[in-house]
2 protein chains.
Amino acid sequence: MTGLKISEVAEKSNVNIETVRYYEKRQLIPEPPRTRAGYRIFSLEDVDRIKFIKRSQELGFTLNEIKQLISISDDKTQVNSEEVLQYSVQKIDEIEAQIKDLEKIKKTLQDLTVQCSGSRSSDGRCPIITSLTGGDSHE
Amino acid sequence: MTGLKISEVAEKSNVNIETVRYYEKRQLIPEPPRTRAGYRIFSLEDVDRIKFIKRSQELGFTLNEIKQLISISDDKTQVNSEEVLQYSVQKIDEIEAQIKDLEKIKKTLQDLTVQCSGSRSSDGRCPIITSLTGGDSHE
DNA sequence: CTTGACTTTGTACCTAAGTACAGGGAGGAT
DNA sequence: ATCCTCCCTGTACTTAGGTACAAAGTCAAG
């Protein structure tokens, strides 16, 4: 009686129906049992798992990483905590690297726009363009 | 005599040969003239343009945006500077938003790992997993 | 003249995370 | 019995920026 149809599970977990089927195919959720007619029957645990997937994605994990995360957390040995921790620390490092790259890009772009605003009255050529075009400055 | 073959232009601008053809198809570089046999003939300006594209990509511009940038800079009216400036300012905003998102993700992940390291001796369940799985905390 | 390195075109494949659609079956209300 | 809505499968398409490959033509050296 607690069985949910695909549209129900999709709605409860705020994803598209196709996404549910896609997660099943990617083996991120277990293969659900079926009615005699072939309809999938989901449980509230499936809803929780999909929400877990979505929250993990927001934290920057890919579906493959999430699959790993799930298998670690399903495996209830005492060591699992260690592995997940390592995963997360690594992910934090990756995010930090991304932030650094973006900061650098931002700085470059800001420098260029400052130059551009400053020298506008001279010849009409934007320093952003000329700096990108000509001067083989960084290689 | 200054004509460059595709492999030469690719090497000089540090991209794959296929990438050069791809940029031509995407109209990021002008259609080069051909020899009677159909071989493309490039110039040093093409090398500069490809380098421009690559540098712009590093600054976070997409190929479509770069195409715009090129058409603005080719159009030598006095207003071009203004447009490029606006483009860049907008891009800076986008980058800032991205950085903010990443900072937030990083903070969440850090909080979780701190909790995880702290409470490791209790029951072996990692707080990262349990916090993602159960507690419908944010929605 | 043959070999090897290069070029041409067109098409298909790649990652990531889905979305869309076609063609068919099922369930329940009228 | 019919209608509407839902579900099934399988396949193709999407974005972005390329990469890879096959079959064929070209060029220069030996």
Side-chain angles (χ1 to χ4, degrees), chain A residues 1 3-29 31-43 46 49-70 91 94-95 98 101 105, chain B residues 1 3-29 31-43 46 49-70 91 94-95 98 101 105:
Chain A
M1 199 55 229
L4 302 170
K5 277 190 277 190
I6 195 165
S7 61
E8 294 167 334
V9 81
E11 198 194 356
K12 275 185 196 297
S13 38
N14 279 312
V15 297
N16 198 303
I17 289 177
E18 316 277 353
T19 303
V20 178
R21 284 197 274 254
Y22 178 68
Y23 285 174
E24 180 188 338
K25 205 173 64 190
R26 289 281 302 254
Q27 309 206 63
L28 287 156
I29 51 179
E31 259 189 70
R34 307 279 186 132
T35 65
R36 330 103 239 151
Y39 286 25
R40 288 170 181 82
I41 308 165
F42 293 95
S43 70
D46 294 316
R49 172 153 293 187
I50 293 169
K51 285 183 179 175
F52 170 90
I53 294 166
K54 282 295 161 191
R55 279 192 286 256
S56 303
Q57 276 187 311
E58 281 171 25
L59 293 179
F61 292 98
T62 67
L63 292 185
N64 276 335
E65 288 168 338
I66 294 166
K67 197 167 160 183
Q68 288 281 109
L69 238 35
I70 287 169
K91 187 52 68 177
E94 286 169 26
I95 290 169
Q98 269 188 64
D101 284 352
I105 289 166
Chain B
M1 198 57 227
L4 301 170
K5 277 190 278 190
I6 194 165
S7 61
E8 293 167 335
V9 81
E11 200 195 355
K12 276 185 195 297
S13 38
N14 280 311
V15 298
N16 198 303
I17 289 178
E18 316 278 354
T19 302
V20 178
R21 284 197 273 253
Y22 178 68
Y23 285 174
E24 181 188 337
K25 206 173 62 190
R26 290 280 301 254
Q27 309 206 64
L28 287 155
I29 50 180
E31 258 189 70
R34 308 278 186 133
T35 65
R36 329 103 241 148
Y39 285 26
R40 289 169 179 82
I41 308 165
F42 294 95
S43 70
D46 295 316
R49 171 154 293 186
I50 294 169
K51 285 183 179 174
F52 170 89
I53 294 167
K54 283 293 162 191
R55 281 191 286 255
S56 302
Q57 277 187 309
E58 281 171 25
L59 294 179
F61 292 98
T62 66
L63 292 186
N64 276 335
E65 288 168 338
I66 294 166
K67 197 167 162 184
Q68 287 283 110
L69 237 34
I70 288 169
K91 187 51 68 176
E94 285 169 27
I95 290 168
Q98 270 186 65
D101 284 352
I105 289 166

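As the structure is a prediction and not an experimental result, all values here were calculated from the model. Computed over heavy atoms, backbone and side chain alike; hydrogens, waters and symmetry mates excluded. Below, read A as the first sequence line, B as the second, and so on, with proteins coming before strands; counting in each chain starts at 1.
Residues that satisfy the side-chain contact (heavy atoms from CB on, under 4.5 Å) test with B/Arg36, not counting sequence neighbours, are absent from this structure. Not counting sequence neighbours, the partners of A/Tyr23 by the side-chain contact (heavy atoms from CB on, under 4.5 Å) test are A/Thr19, A/Leu28, A/Ile29, A/Ile50, A/Ile53, A/Lys54, A/Gln57, A/Leu63. Here A/Arg21 pairs with nothing under the side chain to side chain donor-acceptor pair (under 3.5 Å) rule; sequence neighbours left out. A/Ser7 is linked by a side chain to side chain donor-acceptor pair (under 3.5 Å) to nothing, counting only residues two or more places apart in sequence or in another chain. For B/Asn16, there are no side chain to side chain donor-acceptor pair (under 3.5 Å) partners two or more places apart in sequence or in a different chain. Partners of A/Glu8 under the side-chain contact (heavy atoms from CB on, under 4.5 Å) rule, at least two apart in sequence or in another chain, are A/Leu4, A/Lys5. Legend: residues meeting side chain to side chain donor-acceptor pair (under 3.5 Å) with B/Thr35, ordered by chain and number and at least two apart, are absent. B/Glu11 is linked by a salt bridge (charged side-chain N to carboxylate O under 4.0 Å, His left out) to nothing, counting only residues two or more places apart in sequence or in another chain. Scored by the side-chain contact (heavy atoms from CB on, under 4.5 Å) test, B/Asp101 finds no partners at all (sequence neighbours excluded).
If you walk DNA chain C from 5' to 3' and mark each nucleotide with an atom closer than 4.0 Å to a heavy atom of chain A, the marks span C/dA17 to C/dG27.
Over its length, the helix from C/dC1-D/dG30 to C/dT30-D/dA1 turns its helix axis by 40°, as judged from the five terminal pairs at each end, rounded to 10°.
Note that CD1 of B/Ile105 and CD of A/Gln98 are 8.5 Å apart. Values are rounded to the nearest 0.5 Å.
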Fill in: Contact letters for nucleotides 6-19 of chain D, in which S counts primed atoms plus P, OP1 and OP2 and B counts the base, heavy atoms under 4.0 Å
BSSB-------BBS
